[in-house]
Amino acid sequence: MFRTSFFILSVLWVVSCKRPEDSTSHGRVTITADESLQPMLDQVYQAYEHTFPETHFDVRYLPEHQAAAFMLKDSARLAFVTREFTAEEQKVFKSKGIKYNPQHIATDGVALLINRSNPDTLITLEQISGVFKGTVKTWGQLGSANQVEDIVLVFDNANSSNLNFIMKKFGLSDVKGLNIFSAGSNKKVIEYVKQHPNALGFIGVSWISDGEAPLTAELSQGLRVMGVAEKPNPTNEDYYQPFQDDLKWRRYPLHRKVYVISREMHSGLGSGLVNYIMRDVGSLVIEKCGLWPAKPFNREVILKKEI
């Protein structure tokens, strides 16, 4: 009897000491993100994996709508998106007893790209609105003397965060009838603009904002980034590009928030990554990428006067 009891207690002790499936420092989970956020997210999760070698993230880069749907059907633990979930999407969480808690982690923007040969580098929100409402169709209507061809609008995907942001910004219900081209990815948008002088490309700014990344230098060649003004009749000082300081102070008119949304119900690897971004040096990685972290890392400098 004693031996049997001892054996059962031993088994229970081994089971209780068994490592959980995942924690903040080990395990493997799937996360999704809009492809416009890839350069930033690649650096964040790879830095986390380097800090905790027993962790691994399977990342699926999808158009934003699909990235959200992928997580809602429990095929991913986290979703990195540029909007909060809709009322319908929130119903899915409530129906499954999952607390909805989006975390604002960074500010980025949608950058407007033109070919290097196009000298027309300034545009207003009113002019962009005219382009998408079909009243402005050529570069000549924007005041360009050297480029007078029809404007070709170039996006990554039909359901991407870039197009969704622009449609919401200018109150558009659809883009039917516009001269618009879906390139397939942010990188392909850049390649298309390089090859077509009449193109106007829209990409997530992190693709060209990390000045230390070799890929940024490679992609930026042969391009111009347009300055955007919120005022209808601006001076030169009223135009802003998606530089980090102008994202920080929300001066760039096409800035937007980046969120991470979790369906994790325990303190696991997903929570670890979110905390790494919000409370640890993950925000420094975001800052290095040229975006502005929602909670900048507090770097304290202590000066001592030696006597």
Side-chain angles (χ1 to χ4, degrees), residues 18-108 156-157 159-162 164-165 185-186 204 206 256-286 289 291 293-295 297:
K18 185 180 179 181
R19 217 176 197 189
E21 187 176 342
D22 72 273
S23 70
T24 58
S25 60
H26 87 277
R28 187 185 193 110
V29 298
T30 298
I31 60 179
T32 61
D34 185 83
E35 190 257 347
S36 69
L37 303 174
Q38 181 174 348
M40 179 270 292
L41 185 53
D42 276 353
Q43 294 199 43
V44 169
Y45 85 78
Q46 288 170 13
Y48 191 94
E49 289 178 342
H50 181 76
T51 304
F52 302 101
E54 293 186 25
T55 63
H56 184 79
F57 296 93
D58 295 313
V59 187
R60 296 284 301 273
Y61 290 108
L62 303 165
E64 187 168 68
H65 181 72
Q66 295 178 26
F70 204 76
M71 192 197 73
L72 287 172
K73 64 182 183 181
D74 201 14
S75 296
R77 189 78 61 85
L78 304 175
F80 289 80
V81 291
T82 63
R83 62 173 177 83
E84 294 195 48
F85 276 9
T86 64
E88 288 298 317
E89 290 168 334
Q90 291 182 46
K91 285 182 182 178
V92 177
F93 279 95
K94 291 179 181 179
S95 67
K96 297 181 179 181
I98 300 172
K99 188 177 180 181
Y100 177 72
N101 185 28
Q103 292 282 341
H104 169 213
I105 63 169
T107 299
D108 87 332
D156 46 347
N157 286 289
N159 291 312
S160 75
S161 66
N162 298 329
N164 290 338
F165 172 79
S185 69
N186 282 258
S206 67
R256 61 184 179 179
K257 292 181 178 180
V258 178
Y259 297 92
V260 58
I261 299 174
S262 172
R263 63 174 297 128
E264 190 167 89
M265 300 292 285
H266 65 288
S267 182
L269 186 50
S271 301
L273 183 61
V274 174
N275 288 334
Y276 179 73
I277 294 170
M278 298 300 295
R279 304 173 187 173
D280 210 330
V281 295
S283 61
L284 290 177
V285 180
I286 291 175
C289 292
L291 308 185
K295 291 188 177 180
F297 186 72

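All of these numbers come straight from a predicted model, not from anything done at the bench.
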Any Thr30 side-chain heavy atom under 4.5 Å of Arg60 side chain: yes
Minimum heavy-atom distance between Gly268 and Thr24, given as atom pair plus value: O-CG2, 3.5 Å
Show me, pair by pair, the donor-acceptor contacts under 3.5 angstrom made by side chains of residues 78-86, not counting sequence neighbours?
| unit_1 | atom_1 | unit_2 | atom_2 | d |
| --- | --- | --- | --- | --- |
| Thr82 | OG1 | Glu64 | OE2 | 2.7 |
| Arg83 | NH1 | Glu89 | OE1 | 2.9 |
| Arg83 | NH2 | Glu89 | OE2 | 3.1 |
| Thr86 | OG1 | Glu89 | N | 3.2 |
| Thr86 | OG1 | Glu89 | OE1 | 3.3 |

Ile105 side, atom CD1; Ser283 side, atom OG - distance, nearest 0.5 Å: 10.5 Å
Any side-chain donor near an acceptor of the partner, Ser160 and Asn162, under 3.5 Å: no
Flag side-chain contact, heavy atom, 4.5 Å: His56 against Asp58: yes
Test side chain to side chain contact (heavy atoms under 4.5 Å, CB included) applied to Met265 - qualifying residues, sequence neighbours left out: Ile98
Shortest non-hydrogen contact from Asp74 toward Arg263: OD1-NE, 3.1 Å
Nearest-0.5 Å distance, CG of residue Leu72 to NZ of residue Lys91: 13.5 Å
Contacts of type salt bridge (charged side-chain N to carboxylate O under 4.0 Å, His left out), residue Asp108, not counting sequence neighbours: Arg256
Side chain to side chain contact (heavy atoms under 4.5 Å, CB included) between Phe93 and Met71, intermediate numbers included: CA-CA 10 Å; Phe93 279 95; Met71 192 197 73; 3.2 Å; yes
Spacing of CD belonging to Glu21 relative to NE2 belonging to His26, to within rounding of 0.5 Å: 8.5 Å
Non-hydrogen side-chain atoms of Glu35 and Ser185 separated by less than 4.5 Å: yes
Residue among Asp34, Asp42, Asn186, Thr32 satisfying side-chain hydrogen bond (donor to acceptor under 3.5 Å, both in side chains) with Tyr61: Asp42
Pair Asp22 + Arg28: basic N to acidic O under 4.0 Å: no
Interatomic spacing from OG1 in Thr51 to CD in Gln46 - rounded to 0.5 Å: 12.0 Å
Contact summary for Cys289 and Pro39, nearest pair of heavy atoms: SG-O, 4.3 Å
Aromatic ring pairing His104/Tyr259, orientation class (parallel under 30°, perpendicular over 60°, tilted between): tilted
Leu269 vs Phe57 side-chain heavy atoms within contact, under 4.5 Å: yes
Pairing residues for Ser75 by the side chain to side chain contact (heavy atoms under 4.5 Å, CB included) criterion, not counting sequence neighbours: Phe70, Lys73
Minimum side-chain heavy-atom gap Leu273-Val29 below 4.5 Å: no
Glu49 side, atom CD; Thr55 side, atom OG1 - distance, nearest 0.5 Å: 5.0 Å
Atom of Leu291, atom of Thr107 and distance for their closest heavy-atom approach: CB-O, 3.6 Å
Minimum heavy-atom distance between Pro102 and Ile261, given as atom pair plus value: CB-CG1, 4.0 Å
Partner set under salt bridge (charged side-chain N to carboxylate O under 4.0 Å, His left out) for Lys96, not counting sequence neighbours: none
Smallest separation among heavy atoms of Ser206 and Ser36, with atom names: OG-O, 3.3 Å
All pairs passing side chain to side chain donor-acceptor pair (under 3.5 Å) where residues 269-282 contributes a residue, at least two apart: Glu264-Ser271
